[in-house]
Amino acid sequence: MDQSTKIIRRNSWMEIIRQCQSRPDGSTAKDWMYQNGISEKSYYYWLRKFRKEAFEKIPPAVKKQSKRQNTRHHVM
């Protein structure tokens with residue numbers, strides 16, 4: 001698969017995810033995917049992929065600070 005095909009596929013899935021997350025209130029993601037002919041397995045694959053990429057772009061200091069804050073909230 002050439003680079004331009006990868007870019008087109010990636011952009012297409014970004015748009016699909018954006019549309020699903022902007023679906024009307026009261027509509028479930030599963031219903032939206034069914035109505036739009038989107039594979040649930042593919043949708044969650046791409047969502048996980050994009051979230052992982054976003055997480056990897058967060059600077060280590062921010063991740064460390066966030067982890068400390070989460071730890072404080074769970075301690076009683």
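Quick note: numbers below take in every heavy atom, side chains included, and nothing from hydrogens, waters or symmetry partners.
- How far CH2 of Trp46 is from CZ of Arg10: 7.0 Å, rounded to the nearest 0.5 Å.
- Within the model, atoms CD1 of Ile58 and CD of Glu53 stand 12.5 Å from one another, a figure rounded to the nearest 0.5 Å.
- In this structure, CZ on Arg23 lies 11.0 Å from CG on Asn36, to the nearest 0.5 angstrom.
- To the nearest 0.5 angstrom, Arg48 atom CZ is 10.5 Å from Tyr44 atom OH.
- With rounding to the nearest 0.5 Å, the separation of SG in Cys20 from CD in Gln35 is 10.5 Å.
- Residue Tyr34 places its OH atom among 12 or fewer non-hydrogen atoms of other residues, nucleotides or ligands, all under 6.0 Å distant.
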Show me the donor-acceptor pairs within less than 3.5 Å that the side chains of residues 24-33 make with the rest of the protein, sequence neighbours left out.
| from | atom 1 | to | atom 2 | distance (Å) |
| --- | --- | --- | --- | --- |
| Thr28 | OG1 | Asp31 | N | 3.0 |
| Thr28 | OG1 | Asp31 | OD2 | 3.0 |

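- For Ser12, the side chain to side chain contact (heavy atoms under 4.5 Å, CB included) test picks out Ile16, with sequence neighbours left out.
- Expressed to the nearest 0.5 Å, how far CZ of Arg51 lies from NZ of Lys49 amounts to 15.0 Å.
- Its side chain outside the 4.5 Å cluster rule for every partner, Ile7 clusters with none of the Ile, Leu, Val, Met, Phe, Trp and Tyr residues.
- Scanning both residues, Tyr43 and Trp13, for their nearest heavy atoms gives CA-CZ3, 3.6 Å.
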